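Step one of this worksheet: look at the structure below.
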Protein chains: 2
Amino acid sequence: MIYLDNAATSYPKPENVYNAMIDHMKNAGANPGRSGHRLSLEAGRAILKTRELIGTLFNIDNPMQIIFTSNATDSLNLAIKGVLKKGDHVITSTMEHNSVLRPITALEKIGVENTIIQCNAEGVIDPEDIKRAIRSNTKLIALTHGSNVTGTLMPIEAVGRIAKEAGVLFLVDAAQTAGIYEIDVNKLNIDLLGVPGHKGLMGPQGTGILYIREGLDVLHFKEGGTGSKSEELTQPEMLPDRYESGTANTPGIVGLGAGIEFILKEGIEKIRNHEKELTQYFIEALAQIEQVKVYGPKDSEKQGAVISINIGEEDSSEIAFVLDQAFNIAVRSGLHCAPLAHKTIGSFEQGTVRFSIGYFNTKEDIDRAVEAIKEICKEI
Amino acid sequence: MIYLDNAATSYPKPENVYNAMIDHMKNAGANPGRSGHRLSLEAGRAILKTRELIGTLFNIDNPMQIIFTSNATDSLNLAIKGVLKKGDHVITSTMEHNSVLRPITALEKIGVENTIIQCNAEGVIDPEDIKRAIRSNTKLIALTHGSNVTGTLMPIEAVGRIAKEAGVLFLVDAAQTAGIYEIDVNKLNIDLLGVPGHKGLMGPQGTGILYIREGLDVLHFKEGGTGSKSEELTQPEMLPDRYESGTANTPGIVGLGAGIEFILKEGIEKIRNHEKELTQYFIEALAQIEQVKVYGPKDSEKQGAVISINIGEEDSSEIAFVLDQAFNIAVRSGLHCAPLAHKTIGSFEQGTVRFSIGYFNTKEDIDRAVEAIKEICKEI
């Protein structure tokens with residue numbers, strides 16, 4: 001099986017991720033932050049360790065500002081609904097995932113206004129369009145760092161500057177870029193950063209992160225046991241407890257920590273360069289196949305390791321099915337939960353066949369994918 | 001290490017839980033319900049399998065009414081906030097965990113009224129008190145099945161009847177009983193059932209379940225990618241998608257399925273009888289130690305495998321610390337995130353030392369605990 005669905009979840013994980021999870025579950029599987037016995041303390045330390053590793057990766061000064069969630073969708077919902085109130089205005093883009101678009105749409109009911117900036121056919125946004133959309137009641141700019149459909153990299157540095165100058169909060173959805181691209185929350189003026197644990201960070205599914213800039217007031221939507229201030233019937237104010245009620249996904253968080261350790265050890269630049277090289281190689285090979293339409297920038301400098309294509313007018317699901325059944329190649333087809341992105345790039349009806357490359361893919365994998373696509377083109 | 005903190009999380013897990021998780025992660029670690037390739041389909045099947053196993057365990061006719069959450073707190077928040085609106089009234093008890101009390105308290109701000117029924121000093125509730133508290137605007141009764149402080153079993157069958165007769169919804173918090181006690185949602189008239197995956201169900205941390213009775217309208221609080229109706233910017237109405245946005249905790253859910261398979265194989269009665277036997281044995285031994293005060297019913301027919309004690313006027317944390325450090329026995333001390341329960345049983349200042357027994361504990365473990373308590377009593 002050639003796995004080219006890393007934008008959905010990275011696979012496989014580094015060996016140390018599996019090992020750390022099993023080791024933790026077997027030898028320290030207690031509840032963190034509750035009881036005082038040694039297993040519980042060990043679980044608590046393991047969680048703190050992951051929090052600190054995340055802090056290192058994103059240059060977050062205070063690891064207590066890092067909230068563990070169950071996935072990036074969970075993070076983005078908390079961020080969006082936690083800061084937007086009736087009468088506020090939010091700016092986002094047509095390249096966003098439904099994990100951003102659906103919460104923003106849901107908030108229309110309570111009187112939160114939104115502007116969805118139109119990106120061009122390659123998924124590229126003009127920061128000046130964002131600047132022009134800012135109103136007196138604009139509270140938040142929510143932008144993906146890299147499209148999950150075309151890989152298009154967004155100018156988050158420029159947008160961060162615009163947000164800061166305008167006194168508007170800046171939320172970045174780093175679902176496709178965390179662990180592969182440098183993200184320094186201070187340098188990029190990021191107030192809120194939503195990240196899945198199971199994609200570029202190489203942790204297991206069931207993990208997500210929300211970074212909240214210190215001093216920022218974000219509502220909480222879940223209350224419960226936090227192991228702190230147990231005598232009170234109201235949620236504690238201190239972070240991360242305020243947003244982390246109930247038993248933590250300790251094995252998942254331990255696995256996430258192991259994933260980040262792997263990344264820090266390999267070096268983020270090495271990971272990025274490997275993925276860039278394969279992306280460029282793939283794009284150039286695809287350019288040689290007449291029936292293939294490649295979406296997005298078609299330039300590994302301007303996109304992450306996500307390449308969406310179509311073959312003629314063929315249904316994208318059909319192509320993905322053949323790639324799986326006949327060639328043992330795993331990709332994703334359809335709309336990828338980002339409908340406006342497809343309207344933007346012109347593939348709303350057809351969807352796209354999405355190849356997403358991970359650190360463990362090889363040049364041979366790309367060769368096999370190219371060969372398969374050529375075979376399919378011949379058959380059509 | 002003698003682990004007697006199973007009310008926090010069961011430990012160890014059955015061997016097949018570890019194996020199923022690792023095997024799934026290594027061999028089928030893709031995203032369920034998104035892509036169409038074989039790994040993704042296998043992940044989807046694995047999740048469906050767990051859903052069906054849960055259906056079998058709780059006699060839930062339609063497994064699609066089972067929602068995966070990140071823990072019981074997550075489930076309880078969704079249930080409570082999903083059905084209660086301004087002007088509604090909810091009835092609960094003083095024996096509840098903060099995962100019930102805190103969300104209910106938070107709802108006071110939006111005009112949801114509550115009545116917290118006083119239980120007696122053993123944590124026992126009188127169903128008639130609940131009946132008397134029902135008003136014309138009562139929408140929900142939220143009750144624990146078994147106290148996490150005293151183990152006290154609540155008369156959920158009687159309360160279920162009262163709720164049904166009054167046309168009031170019935171939410172059961174089965175955090176301490178699922179997997180050990182028979183819970184038939186139909187027979188018990190349960191409309192909403194909140195369950196952690198990592199306690200009696202023997203799955204990993206990071207998993208929880210909410211059962212929602214078919215036809216019941218529960219609000220959703222998270223929107224995002226569901227892999228369904230991706231063309232729409234609004235959340236799909238169909239279950240479980242409506243409540244399950246973003247990537248599922250597939251390894252966790254697979255582990256949970258393995259835990260339930262273990263339970264179904266052993267038989268729930270065998271598990272309960274083992275825990276009951278050890279509980280009764282422990283209670284009787286504790287009754288012989290003069291300085292020890294045991295809370296709760298002190299009768300394994302009336303309580304789960306949770307035994308809270310204090311030794312004289314000693315601080316509960318101090319005793320737990322000594323049990324860990326000098327005797328290698330893991331218990332939990334303090335308020336156990338249930339402050340009103342301690343006010344009810346008279347231990348609010350001192351907290352309690354909580355021993356919670358699991359299926360893998362032995363008579364020898366209890367002997368060791370009793371010996372340790374005797375030693376500590378001698379020293380004081």
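As the structure is a prediction and not an experimental result, all values here were calculated from the model. Note on naming: letters A, B, ... go to the chains in the order of the sequence lines (proteins, then strands), and numbering restarts at 1 for each one.
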Contacting region of A:Leu78 [heavy-atom separation from chain B under 4.5 Å]: neither
Which atoms of A:Asn71 approach chain B - backbone, side chain, both or neither, heavy atom under 4.5 Å: side chain
For B:His97, all residues meeting ring pair (Phe, Tyr, Trp, His ring centres under 6.0 Å), sequence neighbours excluded: none
B:Ala28 portion near chain A, given a 4.5 angstrom heavy-atom threshold: backbone
Toward chain B, the part of A:Ser333 with a non-hydrogen atom under 4.5 Å: neither
Side chain / backbone / both / neither for A:Ala43 at chain B, heavy atoms under 4.5 Å: neither
Close side-chain approach of A:Asn328 and B:Arg38, heavy atoms under 4.5 Å: yes
Among the listed options A:Ile104, A:Ile329, A:Thr73, the residue most often paired with chain B at heavy-atom distances under 4.5 Å: A:Thr73
A:Glu15/B:Lys26 under side-chain contact (heavy atoms from CB on, under 4.5 Å): CA gap, chis, key distance, verdict: CA-CA 9 Å; A:Glu15 201 61 32; B:Lys26 287 194 174 177; 3.1 Å; yes
Per-residue contact mode, A:Asn31 against chain B (heavy atom under 4.5 angstrom): both
Chain B contact via A:Val100 - which portion, at a heavy-atom distance below 4.5 Å: neither
Distance, nearest 0.5 Å, that separates SG of B:Cys337 from NZ of A:Lys229: 13.5 Å
Proximity of residues 220-227 of chain B to chain A, residues having a non-hydrogen atom under 4.5 angstrom: B:Phe221, B:Lys222, B:Glu223, B:Gly224, B:Gly225, B:Thr226, B:Gly227
Most contacts with chain A, counted as non-hydrogen pairs under 4.5 angstrom, among B:Leu39, B:Thr69, B:Leu101: B:Leu39
Contacting moiety of A:Tyr3, where chain B heavy atoms sit under 4.5 Å: side chain
With A:Asn19 via side chain to side chain donor-acceptor pair (under 3.5 Å) - residues at least two apart: none
Under 4.5 Å from a heavy atom of chain A, the part of B:His198 involved: side chain
B:Gln235 vs A:Thr105 side-chain heavy atoms within contact, under 4.5 Å: no
Over all atoms of both residues, closest heavy-atom pair of B:Gln205 and A:Ala30: NE2-O, 3.1 Å
Under 4.5 Å from any heavy atom of chain B - which part of A:Asp74: both
Heavy-atom pairs under 4.5 Å with chain A, option from B:Ile80, B:Asn98, B:Leu76 with the top count: B:Asn98
Heavy-atom pair with the smallest gap, counting every atom of B:Tyr11 and A:Met25: CE1-O, 3.4 Å
pair B:Arg102-A:Pro236: side-chain heavy atoms closer than 4.5 Å: yes
Contact leader toward chain A among B:Leu335, B:Leu233, B:Thr250, where contacts are heavy-atom pairs under 4.5 Å: B:Leu233
Residues in residues 315-325 of chain A near chain B [non-hydrogen atoms, under 4.5 Å]: A:Asp324, A:Gln325
Under 4.5 Å from any heavy atom of chain B - which part of A:Ala330: both
Region of A:Pro103 that comes under 4.5 Å of a non-hydrogen atom in chain B: both
Winner by heavy-atom pair count (cut-off under 4.5 Å) against chain A, out of B:Met1, B:Lys13, B:Arg354, B:Glu232: B:Glu232
Partner chain B: residue of A:Ala248, A:Gly206, A:Ser230, A:Gly246 with the largest heavy-atom pair count (under 4.5 Å): A:Ser230
A:Glu108 CD: over 12 foreign heavy atoms closer than 6.0 Å: yes
Which atoms of B:Asn249 approach chain A - backbone, side chain, both or neither, heavy atom under 4.5 Å: both
Heavy-atom pair count under 4.5 Å with chain B, highest-scoring of A:Ala338, A:Pro251, A:Ser10: A:Pro251
